[in-house]
Amino acid sequence: MVLWLTRSRNVAHHLKRKWDLVGVLNHSSSLCSSSLHQHHHHHHHHRHCSSSSTSPITNNSRDPDTVSSNSASGFSIRRLESTKAQQQLDSVYDDHDDENQVLDFPGGSVMLTSELRFISETPEKRIKCYRVLDDDGQLIMSSSFQEVSKELALKMYRNMITLQTMDTIFYEAQRQGRISFYLTSNGEEAINIASAAAFTTSDVVLPQYREPGVLLWRGFTLQEFTNQCFGNKSDYGKGRQMPIHYGSNKLNYFTVSSPIATQLPQAVGAAYSLKMDGKDACVVTYFGDGGASEGDFHAALNFAAVLEAPVIFICRNNGWAISTPTSEQYRGDGIVVRGQAYGVRSIRVDGNDALAVYNAVKEARKMAISEQRPILIEALTYRTGHHSTSDDSTKYRPVNEIEHWRVARDPVSRFKKWVERNGWWTHEDESELRSSVRKELLNAIQVAEKAEKPPLSDMFTDVYDHPSSNLFEQERFLRETIKRHPLDYPPEVPV
Amino acid sequence: MLDVYFRNKLTELQDLSKLKVRKLKITNCENLDTVNEVPGCNSIVEEETNSTDSDEEIYSTDDDDDDDDDDDDDDDEGEEEEEESAKEGKTRALFGAIHPRNSVRCIRSKMAAIMQGIGAATALSSSSSSFDSKGFQLPSVKYFPERKATSLVVRSDGRLIPGSNLNARNVSGRLVTNAVAAKADTSATSTASKTGHELLLFEALREGLEEEMDRDPHVCVVGEDVGHYGGSYKVTKDLAPKYGDLRVLDTPIAENAFTGMAIGAAMTGLRPIVEGMNMGFLLLAYNQISNNCGMLHYTSGGQFTIPVVIRGPGGVGRQLGAEHSQRLESYFQSIPGIQMVACSTPYNAKGLMKAAIRSENPVILFEHVLLYNLKERIPDEEYVLSLEEAEMVRPGEHITILTYSRMRYHVMQAAKTLVNKGYDPEVIDIRSLKPFDLYTIGNSIKKTHRVLIVEECMRTGGIGASLTAAINENFNDYLDAPVMCLSSQDVPTPYAGTLEEWTVVQPAQIVTAVEQLCQ
């Protein structure tokens with residue numbers, strides 16, 4: 001096997017003439033994507049230009065001793081087996097740079113250092129967080145951001161209110177025993193809505209479970225949300241999943257699947273599909289700080305980078321994974337630093353700042369599609385609600401902390417202040433919206449409760465495209481049982 | 001006079017073969033009726049012995065009888081009896097017989113066979129259908145090399161087995177009474193005149209894959225080393241240069257991730273085929289397969305389909321070590337929403353591969369490491385098999401032997417011994433592991449009343465265990481004896497060759513079990 005050789009301007013400067021090096025390895029991804037085509041056909045044994053080459057240097061064993069310290073010690077790289085066509089190597093040898101000797105190994109060239117120094121486990125400074133509005137909803141003057149129109153801003157705000165109200169009502173409904181389970185997005189409305197606003201409906205969404213706002217933005221009605229939570233006949237999921245596991249192929253929102261982070265590699269696959277089709281769309285997938293510990297996260301980032309897939313990874317770092325705080329979840333500087341490790345461009349934003357989220361995601365989308373690359377966005381926020389209706393977070397975190405974030409750092413009120421300050425929103429609008437949404441929701445609940453449940457036949461359909469023989473048998477058996485013992489079967493459920 | 005009869009017979013067969021070839025064009029896997037229904041009738045192609053593999057893997061030398069049929073359950077494993085008939089004065093004969101007690105499908109197919117021109121022989125034979133199972137001695141017929149058709153061969157019970165290449169075997173002049181598979185030399189003589197083409201199992205898989213990739217641009221392959229390396233078992237060789245790096249995708253080593261990736265791609269409209277380098281590695285992908293692949297079609301209310309194919313080699317190889325000798329069929333069997341099939345011959349490998357790719361459901365296709373070099377002649381025409389059908393390898397009367405994948409060949413080898421001992425086993429390659437083809441299996445049980453399951457899985461919780469339960473539940477009334485199941489022991493596969501051999505069910509054990517059951 002042969003080393004993959006591409007041109008590189010950077011490293012070439014550091015080569016010593018006497019090295020007689022044929023070809024230089026350095027993969028800059030931008031070169032890769034453009035030069036993929038040319039280099040491809042030369043090396044039918046090779047993968048495309050990413051530095052995944054595993055071939056050893058064919059000729060020689062490298063003498064390890066010469067590599068060690070002294071840069072002036074006549075380190076010599078022996079002639080490498082060159083590939084046939086890649087003769088256009090950058091053989092710009094720079095005589096002046098004695099210190100910057102270069103080693104090439106599979107994967108690229110690295111510069112030598114004679115200093116035994118470990119990279120610190122924590123950077124001197126944590127990665128900075130992008131923010132546009134301050135806590136009081138004022139624009140930070142130095143911030144770069146794109147103007148948001150009144151229409152868009154109001155749509156965003158209205159959706160945030162709707163989301164908040166929906167969360168409240170459904171949470172109460174669960175407490176009243178009307179639905180079995182619910183999971184709120186309290187404190188993360190800005191991430192939900194603002195990120196959704198930056199996408200189009202042709203962008204595919206693979207959510208974790210705390211992103212109903214994205215679906216709301218795309219036009220999922222309150223009635224549809226309610227139907228899913230009640231699992232009635234009108235539920236698109238046909239009553240098969242638990243509440244909040246929404247899905248809509250029409251709106252390109254993949255059905256929520258409970259296990260954490262399984263959607264991440266799937267997102268890469270979906271992006272791969274879009275890439276194959278050459279569509280002007282990307283994939284966006286969400287996960288939390290806890291989900292970023294799953295193996296799937298790491299593999300997915302790695303894959304996305306290698307595949308050059310247009311997928312946006314949005315991490316809602318809300319500080320808690322049920323009861324596990326981030327201090328027990330990871331020790332690095334959050335999620336954003338992991339991006340570079342996999343070759344993924346990343347950014348950290350203030351997740352409670354709707355405008356910042358909107359800006360960052362918009363920019364990320366542009367990059368993802370035009371450059372065909374993945375982007376990682378870490379949105380810092382706080383989960384002010386409990387993990388779900390099965391959780392009481394006061395058991396593991398202080399109530400005043402929750403209160404502080406709920407009141408002083410609420411993303412909705414922050415955005416509201418900005419919108420109000422622009423003169424686009426009044427107090428009357430607020431109360432009117434809240435009450436109308438509330439009324440609509442209560443109505444939806446009533447309708448959903450009265451609606452019929454999915455019939456028994458729906459239990460066996462969609463396992464396969466057509467029921468298999470064993471399912472057919474099993475359904476028959478079940479029906480017989482029901483016929484024999486009708487009183488044991490709930491009367492209001494159709495057969 | 002008998003001579004004349006047989007000479008006429010052969011001319012008939014010549015016509016028959018032409019007929020069959022024509023028929024093939026309209027036959028697809030839904031068309032059960034016509035072709036291939038005669039037991040042992042490999043009507044589509046000439047039978048070819050897999051004789052190039054001369055190692056002691058018996059499955060490579062056993063059969064020129066691999067099933068060419070689509071979803072036919074009456075296929076018969078033409079035995080090496082065929083080899084005899086090449087010589088004159090042989091004790092084997094060409095003869096046709098329709099056994100009156102065969103299943104409906106069998107009879108229907110036999111009717112078709114009659115219509116195809118076996119008529120005369122059939123009529124003759126059916127009148128004397130009560131053949132002594134010990135062996136009917138008839139003069140053999142010379143093989144006419146110019147014929148495209150293969151000659152019909154009668155087995156010891158007088159059943160009609162058309163379609164074997166008589167010249168292929170070189171077992172000279174002896175009645176094949178020994179159970180050891182004769183090493184058949186591939187006859188080079190008739191290859192030119194035969195229909196279909198010869199290839200190895202992994203090539204058959206590749207052919208199926210390539211045909212599907214040509215047919216549908218959404219089909220893509222995902223896996224480790226599938227691209228430029230061509231796949232660890234060369235199933236995807238030369239596909240990457242042809243279709244490009246995106247359609248034949250090399251992935252980093254993260255099985256869960258690339259399986260998840262395939263699922264996501266499938267939900268967005270592609271039809272990915274995931275290749276696990278070894279089935280054992282798919283354990284790492286189990287979360288995605290179980291929680292998402294099988295479920296998302298259902299939980300999304302039918303909004304998203306997941307037409308993935310997950311395939312890879314499994315089973316005990318030649319000293320590959322415990323982790324690479326996994327039989328995970330039973331692990332996946334419980335997962336609702338997936339279908340599972342196991343291929344065993346080049347013919348069904350290609351057919352099942354194509355069927356799996358075309359299926360809208362997630363399908364797991366189990367291949368076997370040791371079967372990749374099986375050689376067989378398969379049709380030139382396109383064919384797709386049914387994913388839910390079992391394959392009748394050898395019809396019989398006394399006992400039903402259910403098996404799949406590599407064990408099929410061990411069973412067939414044992415069948416030779418059994419036949420010589422006077423038993424008449426019916427061998428069914430169940431092929432479809434989920435759902436079981438209880439129709440075929442049931443019909444067989446109703447006929448023979450005894451069941452032996454031979455599998456490579458572990459004893460506890462294997463496919464055999466599940467099949468035993470299904471049989472007991474459904475066909476208890478028809479059983480004269482308890483269902484017996486031969487499987488591997490509940491031990492990790494040892495590395496030492498001798499130990500490894502004894503972890504796998506051997507023909508001798510099968511013979512013993514049959515004898516026990518048929519007492």
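By convention in this document, chain letters (A, B, ...) are assigned in the order of the sequence lines, proteins followed by strands, and residues within each chain are numbered from 1.
- Using a 4.5 Å cut-off between heavy atoms, B:I253 does not touch chain A at all.
- Neither the backbone nor the side chain of B:E388 comes within less than 4.5 Å of any heavy atom in chain A.
- When heavy atoms are compared at a cutoff of 4.5 Å, A:V268 approaches chain B by way of both its backbone and its side chain.
- The contact between A:T461 and chain B is made entirely by backbone atoms, counting heavy-atom distances below 4.5 Å.
- Both the backbone and the side chain of A:F254 come within contact range of chain B, judged by heavy atoms closer than 4.5 Å.
- Highest contact tally toward chain A, considering only B:A262, B:S359, B:G294, B:C220, is held by B:C220 [criterion: heavy-atom pairs under 4.5 Å].
- Contact tally against chain A (heavy-atom pairs below 4.5 Å) for B:E360, B:M267, B:H218: the top residue is B:M267.
- B:S444 and B:T400 are linked by a side-chain donor-acceptor pair at a separation below 3.5 angstrom, with hydrogens and angles left out of the test.
- A perpendicular orientation is assigned to the rings of A:F225 and A:Y246, their planes being inclined by more than 60° (bins at 30° and 60°).
- If you measure heavy-atom distances from B:F258 to chain A, the contacts under 4.5 Å come from both the backbone and the side chain.
- Close approach to chain B, defined as a heavy atom under 4.5 Å from one of its heavy atoms, is seen in A:G237, A:K238, A:R240, A:Q241 of residues 237-245 of chain A, taken by number.
- Of the two parts of A:N302, only the side chain, counted from C-beta on, holds a non-hydrogen atom closer than 4.5 Å to a non-hydrogen atom of chain B.
- Of all heavy-atom pairs between B:N292 and A:Q266, the closest is ND2-NE2, 2.9 Å.
- Checked by atom type, the side-chain pair A:H466/B:N361 shows no donor-acceptor distance below 3.5 Å.
- The part of A:D458 that comes within reach of chain B is its backbone (N, CA, C, O), which places non-hydrogen atoms under 4.5 angstrom from that chain.
- Counting only N and O atoms by type, the side chains of B:S466 and B:Q333 include a donor and acceptor under 3.5 Å apart.
- Proximity to chain B is limited to the backbone of A:Y253, based on heavy atoms less than 4.5 angstrom apart.
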